[in-house]
Amino acid sequence: MKRPILGITMGDPFGNGPEITVRALADKSVYDRCRPLVVGDAASMAYALRVAEKVSGIRLELHPVKTVAEARFEYGTIDLLDMGLVEPGNIPDTAGQDQPQPFGVGACALGGEASFRYVEKVIQLALAGEVDATVTNALSKEAINMAGHHFSGHTEIYAHYTKTDKYTMMLAHEELRVVHVSTHVSLREATERVKKERVLECIRIANEGCKALGIERPKIGVAGLNPHCGEGGMFGREEIEEIQPAIDQAISEGIYIPEGKPTPPDTVFSKALGGWYDIVVVMYHDQGHIPLKVKGFVYNRAEGRWDAVAGINVTLGLPIIRASVDHGTGFGHAGSGHANELSLVNAIDYAIRLALAKA
């Protein structure tokens with residue numbers, strides 16, 4: 001396959017997505033490996049370009065297009081499928097400025113509507129075969145719900161528009177990968193969702209996801225839900241009644257789960273980092289997010305800034321490829337010119353890898 005075409009959503013127009021996109025596409029090696037097309041709004045991208053030039057000396061040209069066919073895919077030019085949703089005249093003016101700029105607004109219905117439409121558009125392009133993979137910048141769940149789109153995140157939007165029932169989120173940083181039995185629900189509801197069929201479904205999807213990355217015989221770790229995996233039922237029976245039966249079924253299907261039983265949550269990630277597993281199935285949102293972000297998010301206390309905001313989010317089980325940054329919109333820092341692009345670069349790398357493996 002020649003360089004795959006990636007549809008990259010700009011994210012919330014009032015968040016860090018425009019800046020991060022500019023910084024990521026300032027790297028020529030990205031264009032050596034793929035053909036990026038940003039889906040978003042010219043008003044936010046143009047401002048982000050001005051900030052990048054002023055703060056970092058980055059000089060790139062914006063090339064608005066209406067179709068994929070119009071894109072140049074040349075380094076030095078950011079091809080933007082301009083949705084025309086955010087214009088200077090409709091940007092909420094929270095600072096009393098004569099000429100409101102796109103940053104500092106925070107979560108609002110306009111940002112939610114725009115970021116939702118970018119995602120909707122890039123899904124359409126992928127389903128039509130016009131792009132080979134999709135990459136998403138951060139959106140605000142609060143903002144999209146303010147705009148009347150009642151989804152709890154990107155994963156659910158993609159599942160809805162691709163008509164996918166069996167899917168899960170995979171987080172990855174370098175060789176540490178996790179998939180989730182549940183994500184955006186309360187902890188109480190998350191424990192109730194630990195059922196054999198869902199755990200088995202996630203094990204299967206994790207196995208296929210690793211194979212899509214070129215891992216021939218994936219090693220799957222399965223985290224327990226309770227302390228010490230329930231200690232034989234003393235601290236909970238989910239491991240006995242739901243998780244172990246799922247593991248037994250998966251093993252009977254030829255899936256490789258080295259230990260053949262759930263691994264205590266307080267040791268499973270140390271083992272994964274040591275190479276015991278290629279991927280870990282976790283039972284709820286924070287069980288997987290915390291270790292990934294401890295490893296990928298590095299704050300420089302002395303300089304008061306993030307040295308790294310790394311790690312990506314891939315939705316497995318979809319008919320199209322979706323990789324995403326694994327951080328939020330950063331409303332409070334948007335427009336500063338110091339947003340860290342590493343997570344987006346990682347997501348682009350994963351999208352390329354998946355697109356080439358699928359071709």
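Numbers for residues simply follow the sequence, beginning at 1. In what follows, every heavy atom counts, from backbone to side chain, and hydrogens, waters and symmetry copies are set aside.
Look at R198 and E201 and you find a salt bridge, because one of the NZ, NE, NH1 or NH2 atoms lies within 4.0 Å of a carboxylate O, short of that distance. Using a 4.0 Å cut-off between charged nitrogen and carboxylate oxygen, E242 and K196 do not count as a salt-bridge pair. For the pair E70 and K66, the salt-bridge criterion is not met [side-chain N within less than 4.0 Å of a carboxylate O].
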Walk me through it: do N137 and T21 pass the test side chain to side chain donor-acceptor pair (under 3.5 Å)? CA-CA 8 Å; N137 271 293; T21 301; 2.9 Å; yes
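In terms of heavy atoms, A147 sits closest to E113 at CB-N, 3.4 Å.
Listed by first and then second residue, the side chain to side chain donor-acceptor pair (under 3.5 Å) pairs involving residues 254-264 are E259-T263, E259-K271, E259-Y277, T263-Y277 (not counting sequence neighbours).
Note: H285 and H184 have tilted aromatic rings, judged against thresholds of 30 and 60 degrees for the angle between ring planes.
Within a 6.0 Å sphere centred on NZ of K166, other residues, nucleotides and ligands contribute 12 heavy atoms or fewer.
Side chains of L37 and L81 form a contact here, defined as non-hydrogen atoms less than 4.5 Å apart. At a threshold of 4.5 Å between non-hydrogen side-chain atoms, the residues I78 and H63 do not count as touching. By the 4.5 Å heavy-atom criterion applied to side chains, R217 and D278 are not counted as neighbours. Using a 4.5 Å heavy-atom cutoff, the side chains of S115 and T9 are not in contact. No side-chain heavy atom of L62 sits under 4.5 Å from any side-chain heavy atom of D79. For the pair H160 and F151, the minimum side-chain heavy-atom distance is below 4.5 Å. Within the 4.5 Å cutoff, the side chain of P319 has heavy atoms near those of the T164 side chain. Residues Y118 and D41 form a side-chain contact, since some pair of their non-hydrogen atoms from C-beta on lies under 4.5 Å apart.
You'll find the ring centres of Y284 and H180 outside the 6.0 Å limit.
At a threshold of 4.5 Å between side-chain heavy atoms, the hydrophobic network of Ile, Leu, Val, Met, Phe, Trp and Tyr places V30 and I312 in two separate groups.
Looking at H327, M169, H154 one by one, the single match for side-chain contact (heavy atoms from CB on, under 4.5 Å) with N313 turns out to be M169.
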